[in-house]
Enquirer: 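Dropping a structure here in structure tokens format, bear with me for questions.
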Amino acid sequence: MNLSGQVQTLTQDEMQRVHDGACKLLEEKGMVFQSEEAREALKKHGCKVQGEVVYMPKSLVEKCWKQCPSTFKLEAMDPKYNVTVGEDILIHPAGGEVFVLDHDGTRRAPTLKDCGELQTLYQYCENVNIGGFQPLSPQDVPERMKGLYLTLNAMQKCSKPILSPMELETIEKKEEVLNLFNVAYGKENYLDEHYITWHAVCPNSPYLVSQFVCDGIKVYAEHNQPIIIVSAPMTGITSPIFLISTVILSIAEMLACLVYAQICCPGVPVVMSASLTYGNLRYATWECASPDTALMLATSIQMFKHFYHLPARSQTGVTSSKVCDYQAGMETMQSFLFSALAGVNLTSQTVSSLAGLLTSSLEKTILDDELISRVRWMVNGMKLNEEQWDLTELMEAKPGQDFLLADNTIDYMYDYWQPTVSDWTSIEAWEENGRKDVEEVAHEKVVKILAEAPETLLDAEQEKAMKDYIRSVENK
């Protein structure tokens, strides 16, 4: 039996209460939309507008979320990496971290080369389904051109689905990146009929949808590209202290953005993403790896999956540890496993991330790839068939005998999970091999992968067209 979705924190009645509470906030409290254009569009569809505050009727909210698709295909540069969002578990790695942690322990500002190296590792990692949209924020690239350089860099190093960078603060920059995707695919309006990227927008908790968010929703929806809505309230800081209150606020903020996306382009895919966190008032920090965060994430995933019947995305597989140590492994596994058991379909920040989403590590990328494979294997459950239920071997066994040379042992000994970086050898063999810890093994893999990776995965004509377009923007 598949175990995905078996962990549920709410009853059916409680899920309805969460939805009703979110709709009550939208209808009676209202949501600030800083965009005049958005307010006018919402008003035309039955919302009451007073100043910048928009009040949404429950009927409109429910009409809009029911027209969102429950699944959609996201295309990759290499079609063998196409994925269906809303089925199984898709892994999307880190994005937006501001530091990189070198193997020697140095934490430093990242470069575009660092971004490319992470994308190369994402291409290699079998358990990463989607390339990084902005694995780091490189400091050696002009701000004006950062989004375009990040997009080109990602496509040079990774042929899996590639997502739009976050640092697209103007409509012009958003349009330029979308144009670059069209150039990469060789057709002027390729995006209009294919889902090949998306834009992640984050309302400001509580109750504020900024001009930036409104612009992002409108531009990407009008180009028929999915919208990822990331609400990230922190308990006791930007939301009430109670976990369920924070969940209700988060759902309300995401539904408000969903409604606007559907007004801009009815039927465009929308993915609500759980990024709400526990506010640790002892240190005035927020803890992405707290058990209380995990509970809120699982509750949100249940709402997305079982109430709204939409793809369930969550920030998961994260840690507050600053290095690749026991804490990092403990918190990463706790976070990811619980979300997987709750039924998450799409993840974010799940590979590479350290220090509460502030730092990325190449070695942790390799370690996380194995961790994810462990969780996938367990969540898929035992694959039972009649041959496995057959008791013949057990009935014929003599007391105290072994099964080392049994026919089934020989036939099926390679069918079970094995590690890629963890050490399962004897103590003696481990000592003979240099007494390497798991991070050192991961580092050796990183060095080998980067040394053997091609300079670019793009063909010459495709790469030239993209570089020509970027130069045309630079020369404006």
Enquirer: Side chain of D78, backbone of S159: donor and acceptor closer than 3.5 Å?
Expert: no
Enquirer: Do other residues, nucleotides or ligands put more than 12 heavy atoms under 6.0 Å from the CH2 atom of W424?
Expert: yes
Enquirer: How many angstroms lie between CG in L163 and CD1 in I130, if you round to the nearest 0.5 Å?
Expert: 5.5 Å
Enquirer: In terms of side-chain heavy atoms, does E97 have a donor or acceptor partner in Q349 at a distance below 3.5 Å?
Expert: yes
Enquirer: Can you pull out every side-chain hydrogen bond (donor to acceptor under 3.5 Å, both in side chains) where at least one residue sits in residues 227-255? Sequence neighbours excluded, please.
Expert: S205-E253, S231-S250, S231-E253, S239-T246
Enquirer: Applying ring-ring contact (aromatic ring centres under 6.0 Å, His included), name anything that partners F338, two or more places apart in sequence or on another chain.
Expert: none
Enquirer: Minimum heavy-atom separation for L371 to G329, with atom names?
Expert: CD1-O, 4.3 Å
Enquirer: Looking at R108, I want to see if its CZ is surrounded by more than 12 non-hydrogen atoms of other residues, nucleotides or ligands under 6.0 Å.
Expert: yes
Enquirer: If you count every heavy atom of other residues, nucleotides or ligands that lies below 6.0 Å from E193 atom CD, does the total exceed 12?
Expert: no
Enquirer: Hey, what do you get for CG (L354) to OG1 (T359), rounding to the nearest 0.5 Å?
Expert: 6.5 Å
Enquirer: Please list all pairs passing the side-chain hydrogen bond (donor to acceptor under 3.5 Å, both in side chains) test where one or both residues lie in residues 33-42, with sequence neighbours left out.
Expert: E37-K218
Enquirer: Show your working on side chain to side chain donor-acceptor pair (under 3.5 Å) between T365 and S352 and close with a plain yes or no.
Expert: CA-CA 4 Å; T365 303; S352 313; 2.7 Å; yes
Enquirer: Look at the side chain of T120 and the backbone N and O of G116, then say whether any donor-acceptor pair between them is shorter than 3.5 Å.
Expert: yes
Enquirer: Under 3.5 Å, is there a donor-acceptor pair between the side chain of N345 and the main chain of I89?
Expert: no
Enquirer: Counting only heavy atoms not in K44, do more than 12 sit closer than 6.0 Å to its NZ atom?
Expert: no
Enquirer: Run the numbers on E370 and W417 for side chain to side chain contact (heavy atoms under 4.5 Å, CB included), then give the verdict.
Expert: CA-CA 11 Å; E370 180 183 303; W417 189 89; 3.7 Å; yes
Enquirer: Please check if the side chain of N179 supplies one atom and the backbone of E175 the other of a donor-acceptor pair under 3.5 Å.
Expert: yes
Enquirer: Kindly write out the residues that satisfy side-chain contact (heavy atoms from CB on, under 4.5 Å) with E169, not counting sequence neighbours, or none if the list is empty.
Expert: K173, F212
Enquirer: Counting N and O atoms only, with roles assigned by atom type, does the side chain of D114 sit under 3.5 Å from a partner on the main chain of P110, one being a donor and the other an acceptor?
Expert: no
Enquirer: Can you list the residues that meet the salt bridge (charged side-chain N to carboxylate O under 4.0 Å, His left out) rule with D20, with sequence neighbours excluded?
Expert: K58
Enquirer: Would you sort out whether S164 and W198 count as a side chain to side chain donor-acceptor pair (under 3.5 Å), showing the intermediate values?
Expert: CA-CA 6 Å; S164 296; W198 65 47; over 6 Å; no
Enquirer: How long is the span from the OG1 atom in T299 to the CG atom in L297, to the nearest 0.5 Å?
Expert: 8.5 Å
Enquirer: Using the side chain to side chain donor-acceptor pair (under 3.5 Å) rule, pick out the option among Y81, Y190, Y195 that qualifies with E75.
Expert: Y190
Enquirer: To check you understand the geometry: which heavy-atom pair defines the closest contact between W377 and D415, and what is its length?
Expert: CH2-O, 3.3 Å
Enquirer: Could you give all pairs that pass the side-chain hydrogen bond (donor to acceptor under 3.5 Å, both in side chains) test and reach residues 305-325, with sequence neighbours left out?
Expert: H19-Y308, S273-R313, E287-S320, T316-S335, T316-S339, T319-E331, S321-D325
Enquirer: Which distance, rounded to the nearest 0.5 Å, do you find between the CE of M303 and the OG1 of T9?
Expert: 9.5 Å
Enquirer: I'd like to check the side-chain contact (heavy atoms from CB on, under 4.5 Å) partners of E14; sequence neighbours left out, ordered by chain and number.
Expert: L10, T11
Enquirer: Look at the side chain of K364 and the backbone N and O of V351, then say whether any donor-acceptor pair between them is shorter than 3.5 Å.
Expert: no
Enquirer: Among all residues two or more places apart in sequence or in another chain, which pass the salt bridge (charged side-chain N to carboxylate O under 4.0 Å, His left out) test with D215?
Expert: none
Enquirer: With sequence neighbours left out, what residues match P57 under side-chain contact (heavy atoms from CB on, under 4.5 Å)?
Expert: E27, C47, S59, L60
Enquirer: Would N82 and L74 satisfy side chain to side chain contact (heavy atoms under 4.5 Å, CB included), going step by step from the backbone distance to the final call?
Expert: CA-CA 6 Å; N82 290 350; L74 187 67; over 6 Å; no
Enquirer: For the residue pair S137 / E167, report whether a side-chain donor-acceptor contact shorter than 3.5 Å exists.
Expert: yes
Enquirer: State, to 0.1 Å, how close D368 and S353 come at their nearest heavy-atom pair, and which atoms those are.
Expert: OD2-N, 4.4 Å
Enquirer: Do you know which two heavy atoms are closest between V209 and P203, and how far apart they sit?
Expert: CG2-CB, 4.4 Å
Enquirer: Is there a donor-acceptor contact under 3.5 Å from the side chain of Q225 to the main chain of H194?
Expert: yes
Enquirer: I need the minimum non-hydrogen distance between Q388 and L384, along with the two atoms involved.
Expert: OE1-CD2, 3.6 Å
Enquirer: Check salt bridge (charged side-chain N to carboxylate O under 4.0 Å, His left out) between E28 and all other residues, then give those that pass, not counting sequence neighbours.
Expert: K24
Enquirer: Verify side chain to side chain contact (heavy atoms under 4.5 Å, CB included) between C214 and Y260, making sure each step is shown before the conclusion.
Expert: CA-CA 8 Å; C214 293; Y260 183 50; 4.2 Å; yes
Enquirer: Is the closest side-chain donor-acceptor distance between N224 and D192 under 3.5 Å?
Expert: no
Enquirer: Can you tell me if T293 uses its side chain to pair, donor with acceptor, with the backbone of Y278 under 3.5 Å?
Expert: yes
Enquirer: If I take atom CZ from residue R374 and atom CG from residue N127, how far apart are they, to the nearest 0.5 angstrom?
Expert: 12.0 Å
Enquirer: Restricting to non-hydrogen atoms, name the atom on P226 and the atom on T197 that form the minimum distance, rounded to 0.1 Å.
Expert: CD-O, 3.1 Å
Enquirer: Excluding sequence neighbours, so at least two apart, what forms side-chain contact (heavy atoms from CB on, under 4.5 Å) with K66?
Expert: none
Enquirer: Rounded to the nearest 0.5 Å, how far apart are CG of L358 and CZ of F99?
Expert: 7.0 Å
Enquirer: Answer yes or no: is there a donor N or O on one side and an acceptor on the other, between the side chain of T347 and the main chain of T350, under 3.5 Å?
Expert: no
Enquirer: Please check: side-chain N/O of K160 versus main-chain N/O of V128, any donor-acceptor pairing under 3.5 Å?
Expert: yes
Enquirer: Just do the side chain to side chain contact (heavy atoms under 4.5 Å, CB included) check on L258 and C68 with the steps written out, would you?
Expert: CA-CA 9 Å; L258 179 151; C68 297; 3.9 Å; yes
Enquirer: Take atom CD in Q67; do more than 12 heavy atoms of anything else shown fall under 6.0 Å from it?
Expert: yes
Enquirer: Only counting residues at least two apart or in another chain, list the ones meeting salt bridge (charged side-chain N to carboxylate O under 4.0 Å, His left out) with R107.
Expert: none
Enquirer: So E387 and Y412, side chain to side chain donor-acceptor pair (under 3.5 Å) or not? Walk me through it.
Expert: CA-CA 12 Å; E387 184 178 17; Y412 296 102; 2.8 Å; yes
